[in-house]
Amino acid sequence: MKTTFHQRLVRLIKKIPRGKVATYGQIARMAGNPRAARQVVWVLNSSWEKEKLPWYRVINSKGQISLKPGQGYELQKSLLEKEGVLFDDHGRVNLERFLWTPLKI
DNA sequence: AACCTGACTTCGG
DNA sequence: TCCGAAGCCAGGT
């Protein structure tokens with residue numbers, strides 16, 4: 001049976017290695033739809049729990065955490081730092097260094 | 001079927 | 001480099 005876009009997103013998110021991050025757009029692009037970044041958000045919200053997704057490894061294209069302070073920002077940042085991901089003074093991650101880049105592409 | 005919404009992204013100024 | 005606007009996906013109501 002054919003895999004759905006949703007399933008591909010789930011699989012990709014599961015593959016993000018620790019110590020690395022991926023962007024919403026990147027995941028959507030790898031799943032086949034460059035413009036479905038917002039759909040990644042929906043997937044995370046709807047199934048991170050039952051699919052045990054490493055939700056905190058997904059950030060925005062600017063290299064920043066999209067969650068707002070008091071709404072998960074601190075938690076996500078600490079979880080990433082615990083894996084070795086570093087943030088600069090402006091809460092940005094150096095994507096050159098920490099972006100998950102599968103060898104293929 | 002229309003309208004709203006969200007952890008987005010890209011582009012122009 | 002920093003906004004703001006406009007574009008986009010699909011589920012929920």
Side-chain angles (χ1 to χ4, degrees):
Chain A
M1 65 184 223
K2 60 185 180 187
T3 64
T4 66
F5 182 60
H6 173 87
Q7 298 177 308
R8 291 200 293 283
L9 288 178
V10 169
R11 287 181 194 167
L12 285 167
I13 296 172
K14 282 184 178 176
K15 292 175 98 174
I16 306 173
R18 8 173 326 136
K20 289 288 184 177
V21 298
T23 68
Y24 304 92
Q26 171 189 15
I27 297 296
R29 197 164 50 243
M30 297 194 297
N33 188 337
R35 308 175 179 178
R38 313 195 74 139
Q39 194 53 24
V40 174
V41 170
W42 194 88
V43 169
L44 289 177
N45 281 315
S46 67
S47 35
W48 68 270
E49 204 161 21
K50 73 179 163 186
E51 298 287 355
K52 304 189 193 319
L53 303 178
W55 61 272
Y56 57 88
R57 294 189 186 132
V58 186
I59 61 179
N60 63 40
S61 64
K62 291 177 295 194
Q64 299 175 135
I65 287 176
S66 291
L67 291 175
K68 297 168 187 171
Q71 308 246 50
Y73 174 87
E74 294 83 356
L75 172 62
Q76 180 166 17
K77 186 162 183 283
S78 67
L79 286 171
L80 286 175
E81 291 179 321
K82 191 160 54 182
E83 294 190 343
V85 176
L86 305 177
F87 289 79
D88 65 16
D89 302 330
H90 301 294
R92 283 180 302 216
V93 172
N94 183 331
L95 294 179
E96 294 269 315
R97 179 176 173 187
F98 297 104
L99 183 66
W100 174 43
T101 52
L103 297 185
K104 34 180 186 175
I105 296 187

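So you know, we letter chains A, B, ... as the sequences are listed, proteins then strands, and number each from 1.
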> Of all residues at least two apart in sequence or in a different chain, which pass the side chain to side chain donor-acceptor pair (under 3.5 Å) check with Arg38(A)?
Replying inline: none
> Got a sec, which residues hit side chain to side chain donor-acceptor pair (under 3.5 Å) with Gln64(A), two or more places apart in sequence or on another chain?
Replying inline: none
With 3.5 Å as the limit, what N/O pairs link the protein to nucleotides 7-9 of chain C?
| unit_1 | atom_1 | unit_2 | atom_2 | d |
| --- | --- | --- | --- | --- |
| dG7(C) | O6 | Arg38(A) | NH1 | 3.4 |

> Counting only non-hydrogen atoms, which of residues 53-77 of chain A are less than 4.0 Å from DNA chain C?
Replying inline: none
side-chain contact (heavy atoms from CB on, under 4.5 Å) with [X]: which residues, sequence neighbours excluded?
X: Asn45(A); value: Val41(A)
X: Lys20(A); value: Pro17(A), Trp100(A)
X: Lys82(A); value: Leu79(A)
X: Asp88(A); value: His90(A), Arg92(A)

> What salt bridge (charged side-chain N to carboxylate O under 4.0 Å, His left out) pairs are there with at least one residue in residues 51-72 of chain A, not counting sequence neighbours?
Replying inline: Lys14(A)-Glu51(A), Arg57(A)-Glu83(A)
> Which salt bridge (charged side-chain N to carboxylate O under 4.0 Å, His left out) pairs, counting each pair once, include a residue from residues 70-81 of chain A, with sequence neighbours left out?
Replying inline: Lys77(A)-Glu81(A)
> Is a side-chain donor or acceptor of Gln26(A) paired with a backbone partner of Thr23(A) at a separation under 3.5 angstrom?
Replying inline: yes
Identify each atom pair where a protein N or O and an N or O of nucleotides 2-4 of chain C are less than 3.5 Å apart, giving names and distance.
none

